Protein chains: 2
Amino acid sequence: MSDSGESVKRKTKRPSAERTTQRDPERTRAAILEAATKEFAENGMGGARVDSIAERAGTNKRMLYHYFGDKEQLYLRVLEEAYVRIRTAERALNIGTRDPEEGIGELALFTWRYFLQHPEFLSLLGTENLHRARWLRQSVRLKELHSHLIGELSQVLEEGKKSGVFIETADPLHVYLTIASLGYFYLSNQYTLSTIFGRDLITPANLEAWERHIVHVTLASIKR
Amino acid sequence: MSDSGESVKRKTKRPSAERTTQRDPERTRAAILEAATKEFAENGMGGARVDSIAERAGTNKRMLYHYFGDKEQLYLRVLEEAYVRIRTAERALNIGTRDPEEGIGELALFTWRYFLQHPEFLSLLGTENLHRARWLRQSVRLKELHSHLIGELSQVLEEGKKSGVFIETADPLHVYLTIASLGYFYLSNQYTLSTIFGRDLITPANLEAWERHIVHVTLASIKR
DNA sequence: CAAGCCGGTAACTAAACAGTTACTTGATGG
DNA sequence: CCATCAAGTAACTGTTTAGTTACCGGCTTG
């Protein structure tokens, strides 16, 4: 894929006039993916409209089918990309090498803030689970993406147990699920919750309170 | 609504042959509601098919539109009924009058087990939140249904604070959201979670472990 | 400068869908 | 035994939708 002096195409590569609203495959592809992410997040798999995606992307259905095959393949691509993005950002935390209590706290904060800034990711998860992971199961790319997270979590928990700050029964998967639960539910269910309890959960003050609550609960559940 | 000897209709009320697959409005209505609950839970609002609901109910579209108006009104009815059912069962716990620690533990257990036995309720919540509570917001019946829960929770938390078992900062809404988060996320996201972590979360052993975890986390977060 | 390829457009098609209408059946009451 | 009315059926309609096809135009290359 690297342009290693090959004669395939683009010798003169559009010398001046960097963008004259001309054709640009990469740009179109990326625009479709971004538009599809929004459309699927807002309307789910059943509710998303292919025409609407094409329009949001500033292109048309022909290109969408050209690049992605059909609606289902496009959806899977959107989902895979969303997972890759969060796991990549998470990896940069390097919680494995930190002080145990600080490491867990940082993971909780990161997860909460990522969820808060990427509501489309939560939506996509919800949609995919409504369909019992029908599309994610077919994905070959994602299996190994997640073992790294559990590995680092195990590492930091073990260290905490050795130094006596964490209880012996603390389990890496349970800790991650606890952190994710508290963030996911609050945000993804904010609309019904705000309605039934008559209290707007998304005000800055309430968000900050819940952030502190997540860190507090996570640490309280594993500290000796 | 009670049959107080009124002369409206059904004087002889079908004396023998209790059901000859004849007409029965109540039965048809209930069948449609039950079928709709399943269809909406499995496919969401956008994915649910009116024809499919009619077929599942053993009737046809004409009756569905006759009793419920249109698809949206039927959906709202399904959602309202689901909320009424969980809040009614919850009320029977009477946590307000119990020993504080036991009361909170019982609420956590009840919520977890109710979610486990009523996956369609979780699905409906997910669907409704995807649409930002568009239909629930229109409901007039549900506003007061939830103040009771928070009231009883406040009561039991206050008592726990007085007797010194709970910390002063424990907040009723936060406690409920913690319990609901841990149950909801584990179950509603079980499909993607099982896939990415390569571990079946729904085995009896894993379910029991998570049940114990929920009670542990909830109490650890508010105990002094 | 001619051939053809590739990014892109727009109109089309077959199927699926929500909602409607015209009709059937059977119980009741005069 | 006939008129009425409500429960229920089934075929129909207009619209929306995923996916396709016929075509355009400019760039690259021989």
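Chain naming here is simple, since letters A, B, ... match the order of the sequence lines and numbering starts at 1 in each. What you see is a predicted model, and the numbers here were worked out from it, not measured in a lab.
Side-chain atoms of T37(A) and E120(A) form no donor-acceptor pair, as typed in the model, at a separation below 3.5 Å. Using modelled atom types and a 3.5 Å distance limit, the side chains of E128(A) and T192(B) yield no donor-acceptor pair. Between the side chains of H174(A) and S221(A), no donor N or O sits under 3.5 Å from an acceptor N or O.
Ring geometry, F110(B) versus Y114(B): the interplanar angle falls from 30° to 60°, so the pair is classed tilted.
Within residues 49-61 of chain B, the residues that have a heavy atom under 4.0 Å from DNA chain D are, in order of number, T59(B), N60(B). Contacts between residues 31-48 of chain A and DNA chain C, counted as heavy-atom distances below 4.0 Å, involve no residue at all.
No donor-acceptor pair under 3.5 Å is formed between the side chain of E106(A) and the backbone N or O of I95(A). Under a 3.5 Å cut-off, the side chain of R137(B) and the backbone N or O of R132(B) do form a donor-acceptor pair. Between the side chain of N206(B) and the backbone N or O of I202(B), no donor-acceptor pair lies under 3.5 Å.
Other residues, nucleotides and ligands contribute at most 12 non-hydrogen atoms within 6.0 Å of the CD atom of E55(A).
As rounded to whole Å, 12 Å separates atom C1' of dA16(C) from atom NZ of K71(B). One can place CZ of F68(A) at 12 Å from P of dG8(C), the figure rounded to the nearest angstrom. Regarding R27(A), its CZ atom lies at a distance of 10 Å from the P atom of dG8(C), rounded to whole Å. Whole-Å rounding puts the Y67(A) OH to dC6(C) P distance at 11 Å. Between the NE2 atom of H66(A) and the P atom of dA10(C) there is a distance of 18 Å, rounded to whole Å. With rounding to whole Å, D70(B) atom CG is found 8 Å from dT20(C) atom P. When the C1' atom of dA18(D) is taken as reference, atom CG of L64(A) falls 11 Å away, rounded to whole Å.
Comparing atom distances between the M63(A) side chain and each of dT9(C), dG19(C), dT21(C) picks out dT9(C) as nearest.
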Checklist entry - Between K38(A) and E34(A), does a salt bridge (Lys or Arg N to Asp or Glu O under 4.0 Å) hold up when you go through it step by step? => result CA-CA 7 Å; K38(A) 283 180 188 157; E34(A) 197 190 323; 3.6 Å; yes

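In terms of phosphate contacts, Y65(A) brings no side-chain nitrogen or oxygen within less than 4.0 Å of OP1 or OP2 of dT17(D).
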